[in-house]
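Residue numbers begin at 1 in each chain, while the letters A, B, ... track the order of the sequences. Quick caveat: nothing in here was measured; it's all calculated off a predicted structure.
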There are 2 protein chains.
Amino acid sequence: MNAKEIEIYDKIKQAIIQQKLLPNMQLVEKEIAESFGVSRTPVRNVLRRLAYERLVKIIANRGAFVTSSSKREATEVFEMRRILEVEAVKKACQLATAEQLFELEQMVEEEENSHLHIDYYDAIQMSGDFHLKIAEIAGNSYFYQYLEDLISLTHVIISIYGKTQEEKDACLHHRHIFHAIKKRDEQLAAELALEHLIDMEEHLQFRDKNQFSASLTEIFNNN
Amino acid sequence: MNAKEIEIYDKIKQAIIQQKLLPNMQLVEKEIAESFGVSRTPVRNVLRRLAYERLVKIIANRGAFVTSSSKREATEVFEMRRILEVEAVKKACQLATAEQLFELEQMVEEEENSHLHIDYYDAIQMSGDFHLKIAEIAGNSYFYQYLEDLISLTHVIISIYGKTQEEKDACLHHRHIFHAIKKRDEQLAAELALEHLIDMEEHLQFRDKNQFSASLTEIFNNN
DNA sequence: ATATAAGAAATTGTATACAATCTCGTATGC
DNA sequence: GCATACGAGATTGTATACAATTTCTTATAT
């Protein structure tokens with residue numbers, strides 16, 4: 001992807017993560033193209049890429065739609081994150097340089113300091129960046145590539161199934177994980193990372209279909 | 001991707017895996033388009049997808065080239081395969097249905113029976129399919145998506161850095177792994193899968209750059 | 001009034017023309 | 001002879017025109 005496409009890609013991705021583009025919403029090529037002042041060609045390229053990352057779903061001859069993860073898909077995302085992040089944090093314990101540890105600590109501190117006076121979306125962005133930094137330190141580019149996509153999807157999942165834990169708790173977890181990495185304690189770091197992810201997933205509120213149908217009839221019979 | 005693009009995708013991918021398209025070879029859009037009787041548009045889409053899977057490398061304004069994995073990249077691929085396949089085989093132990101076990105055993109038997117009287121590329125195809133079947137049984141679509149790409153890359157890596165173990169050995173490993181899955185022995189299956197992958201990697205012969213340079217001067221000064 | 005069919009509008013899919021970029025050979029100056 | 005500059009050729013990148021498909025509206029028959 002060239003500079004132009006990367007800009008379009010970033011903007012759409014951010015809009016999805018920040019819920020400016022909601023799940024199931026159609027992304028019409030012509031509209032996007034006009035808003036960026038380009039032809040449909042680069043827009044189509046970007047949408048295809050986003051589809052490969054599962055942030056949008058392309059239906060042949062119908063168009064591209066913002067992804068709407070099912071409970072099952074959300075569960076798959078978290079399972080894969082647990083597998084990858086547990087291994088990534090272990091490798092990070094082995095490989096982190098002094099400079100990388102410094103940068104990681106800075107990210108935790110930034111998260112802690114900007115607790116209250118910051119936008120909600122900036123907060124989840126920073127939280128995701130912490131996880132990605134560990135993937136980067138782990139030194140295998142697949143950790144980064146895969147987790148970048150999985151973390152983006154996590155943001156969408158959170159937007160659908162309710163916010164996860166308090167920001168405070170997440171920061172605290174990150175702080176603990178950082179300490180474990182700094183101490184090169186693989187076992188502890190892995191356990192903390194795993195608990196952190198389990199905690200995130202447990203805070204989701206899946207409304208099952210029956211419940212949803214029930215509330216639908218409620219809506220129509222109510223007034 | 002629609003039917004037309006999938007056909008082009010499969011053909012190019014297979015050609016790379018079967019070394020009909022060699023590493024660093026340029027894939028000129030116009031040539032491919034003409035050979036398939038289509039315009040450059042669908043070809044470009046396919047090349048982009050292959051680039052995302054790292055089977056080809058796209059250089060801006062230069063074109064698409066068949067990937068030529070470095071030693072480092074090969075190491076990353078095998079590391080990620082170990083991580084994913086160990087987990088996948090554990091989940092397969094938990095989830096495999098009777099039908100899936102039957103299908104898996106059939107694949108092993110087919111491998112064993114077709115030992116001698118079969119094309120080399122069919123053999124590695126079958127070997128890859130065994131690994132992918134376990135990913136499928138593991139029931140998380142990311143196992144399949146990720147391993148499909150990693151296994152394709154493994155084929156390219158093997159073509160660059162020499163064949164791995166004897167087919168016989170690979171079949172035997174697969175047979176043992178199948179037995180462990182059938183017995184629902186997660187620990188054993190995981191160990192066998194790990195050993196199998198380590199064995200594959202150890203059979204690669206990395207020629208380091210110095211050695212390569214040396215042989216270059218050798219070539220030019222030899223006769 | 002409802003169901004069905006036809007057609008108009010909107011959207012995606014494909015081919016093609018043109019623009020931008022890179023490569024490589026050739027000429028020119030020193 | 002060597003380096004540099006220029007230009008032709010080849011290739012990718014982008015916009016646009018047209019084709020195919022789907023969706024929505026509207027007309028018509030029952």
Side-chain angles (χ1 to χ4, degrees), chain A residues 1-16 20-69 156 216 220, chain B residues 1-16 19-70 156 216 220:
Chain A
M1 295 204 301
N2 56 32
K4 191 182 289 185
E5 286 180 1
I6 288 172
E7 192 206 331
I8 298 169
Y9 168 83
D10 286 338
K11 289 266 174 67
I12 295 178
K13 189 170 174 178
Q14 211 180 0
I16 292 173
K20 289 169 185 167
L21 295 171
L22 296 172
N24 292 315
M25 208 173 256
Q26 182 166 9
L27 303 171
V28 176
E29 295 171 1
K30 195 184 170 195
E31 289 177 17
I32 297 170
E34 283 170 358
S35 82
F36 282 101
V38 298
S39 76
R40 282 169 51 213
T41 308
V43 174
R44 285 176 64 82
N45 292 336
V46 167
L47 290 176
R48 276 170 168 270
R49 165 102 186 226
L50 287 167
Y52 195 72
E53 297 173 4
R54 306 204 201 186
L55 269 183
V56 312
K57 188 178 180 184
I58 290 178
I59 303 175
N61 293 313
R62 286 277 318 279
F65 301 83
V66 178
T67 201
S68 172
S69 298
V156 175
L216 256 188
F220 294 132
Chain B
M1 293 206 304
N2 56 34
K4 191 182 291 185
E5 286 180 3
I6 288 173
E7 191 205 332
I8 299 169
Y9 168 83
D10 286 339
K11 289 267 174 64
I12 295 179
K13 189 171 173 177
Q14 212 181 358
I16 293 173
Q19 299 185 55
K20 288 170 186 168
L21 295 170
L22 296 172
N24 292 316
M25 206 173 258
Q26 182 166 8
L27 303 171
V28 177
E29 295 171 1
K30 195 185 169 192
E31 290 176 16
I32 297 170
E34 282 170 358
S35 83
F36 281 99
V38 296
S39 75
R40 281 170 52 214
T41 308
V43 175
R44 284 176 65 81
N45 292 334
V46 168
L47 289 176
R48 276 170 167 267
R49 164 102 187 227
L50 288 167
Y52 194 73
E53 296 173 5
R54 306 204 199 186
L55 269 183
V56 312
K57 188 178 180 183
I58 290 178
I59 303 175
N61 294 315
R62 285 278 320 278
F65 301 83
V66 178
T67 202
S68 172
S69 298
S70 64
V156 176
L216 254 188
F220 293 132

Mind checking whether A/Ile16 and A/Val56 have side chains closer than 4.5 Å, heavy atoms only? yes
It should be established whether B/Arg44 places a side-chain nitrogen or oxygen under 4.0 Å from OP1 or OP2 of nucleotide D/dG13. yes
Could you please name the option among C/dG13, C/dA15, D/dT12 that lies closest to any side-chain atom of B/Lys4? C/dA15
Report the distance from atom CD1 of B/Ile59 to atom C1' of C/dC22, rounded to the nearest whole Å. 12 Å
Would you indicate which nucleotide in D/dT12, D/dA15, C/dA15 comes nearest to any side-chain atom of B/Pro42? C/dA15
Taking NZ from A/Lys30 and C1' from C/dA9, how many angstroms apart are they, rounded to a whole number? 11 Å
Indicate yes or no: at least one non-hydrogen side-chain atom of B/Val66 is less than 4.5 angstrom from one of B/Leu22. no
Please evaluate residues A/Glu5 and A/Asn2 with respect to the criterion side chain to side chain contact (heavy atoms under 4.5 Å, CB included), reporting the C-alpha separation (whole Å), side-chain torsions for both, the decisive distance (0.1 Å), and the verdict. CA-CA 5 Å; A/Glu5 286 180 1; A/Asn2 56 32; 3.5 Å; yes
Give each protein N/O atom lying under 3.5 Å from an N/O atom of nucleotides 19-23 of chain D, with the pair distance.
residue : atom : partner : partner atom : Å
D/dT23  : OP1  : A/Arg62 : NE           : 3.1
D/dT23  : OP1  : A/Arg62 : NH1          : 3.2

Grab the CZ-P distance between B/Arg40 and D/dG13 for me, whole Å please. 8 Å
Nearest-angstrom distance from the residue atom CD of B/Glu29 to C1' of D/dA10: 12 Å
For atom CD1 of A/Ile58 and atom P of C/dT11, their distance in whole Å: 16 Å
5'-most by nearest nucleotide on DNA chain D - B/Gly63 or A/Gly37: B/Gly63
Nearest-Å distance, CG (A/Asn45) to P (D/dT12)? 14 Å
Choosing from C/dA15, C/dT12, D/dT12, which nucleotide comes nearest the side chain of B/Val28? D/dT12
pair B/Thr67-B/Asn24: side-chain heavy atoms closer than 4.5 Å: no
If the cut-off is 4.0 Å, is A/Gln26 near the phosphate of C/dA10, judged by side-chain N/O to OP1 or OP2? no
Do you know which of A/Ile58, A/Asn45, A/Leu55, A/Ile8 makes side chain to side chain contact (heavy atoms under 4.5 Å, CB included) with A/Leu50? A/Leu55
Donor-acceptor pair, side chain of A/Gln26 and main chain of A/Arg62, under 3.5 angstrom: yes
With a 4.0 Å cutoff (strictly under), does any side-chain N or O of B/Asn2 reach OP1 or OP2 of C/dT14? yes
With a non-hydrogen cut-off below 4.0 angstrom, is B/Leu47 in contact with a base, only sugar-phosphate, or nothing? nothing
Side chain of A/Ser39: nearest nucleotide among C/dT14, D/dT16, D/dG13? D/dT16
Rounded to whole angstrom units, what separation is found between the NZ atom of A/Lys57 and the C1' atom of C/dT12? 17 Å
With a 4.5 Å heavy-atom cut-off, do A/Phe36 and A/Lys4 have their side chains touching? no
Separation of B/Glu34 atom CD from C/dA15 atom C1', in whole Å? 13 Å
